[in-house]
Amino acid sequence: MDAFTAGLLQRIRATESDLTRARETGDDFLADVEQSELDDLHRLAAEHGVQVGAIRV
């Protein structure tokens, strides 16, 4: 795995964690921000052929 892919997958995992935390604490604004970031990261992954589904547990 190259550095770009590893970094992108790490950012996706971190953003998913942040999104979960925002939802759990009821911070709707932060949840919207994190969801937008996650959507952008998934788009970027798709554009570069990075498989994201494999990192989910």
Side-chain angles (χ1 to χ4, degrees):
M1 177 179 312
D2 62 29
F4 172 79
T5 300
L8 182 57
L9 294 175
Q10 181 179 12
R11 286 181 61 198
I12 289 171
R13 282 191 296 269
T15 303
E16 287 174 335
S17 177
D18 292 345
L19 175 58
T20 298
R21 190 170 26 258
R23 287 178 175 163
E24 288 173 348
T25 61
D27 189 335
D28 293 335
F29 176 75
L30 183 57
D32 287 344
V33 170
E34 295 298 345
Q35 183 63 60
S36 293
E37 175 72 10
L38 189 58
D39 292 344
D40 288 343
L41 291 169
H42 279 274
R43 179 191 49 76
L44 185 62
E47 287 174 1
H48 291 276
V50 175
Q51 295 288 333
V52 176
I55 67 166
R56 294 186 183 211
V57 178

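We count residues from 1, following the sequence as given.
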Cluster link L30 to I12, ILVMFWY, side chain under 4.5 Å: no

Same cluster (ILVMFWY, side-chain, under 4.5 Å), L38 and F29: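 Not linked; separate clusters.
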
Test E37 against R11 for salt bridge (charged side-chain N to carboxylate O under 4.0 Å, His left out), laying out the working first. CA-CA 10 Å; E37 175 72 10; R11 286 181 61 198; 2.9 Å; yes

Interatomic spacing from CD in E16 to CZ in R21 - rounded to 0.5 Å: 12.5 Å

Quick one: pull up CG in D18 and CZ in R13 and give me the separation to the nearest 0.5 Å. 13.0 Å

Where do R23 and A31 come nearest, in terms of heavy atoms and distance?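 Residues R23 and A31, closest heavy atoms: CG-CB, 4.1 Å.
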
Listed partners of L44 passing side chain to side chain contact (heavy atoms under 4.5 Å, CB included), at least two apart: F4, L8, E47, H48

With a 4.5 Å cut-off on side-chain heavy atoms, are D39 and Q35 touching? yes

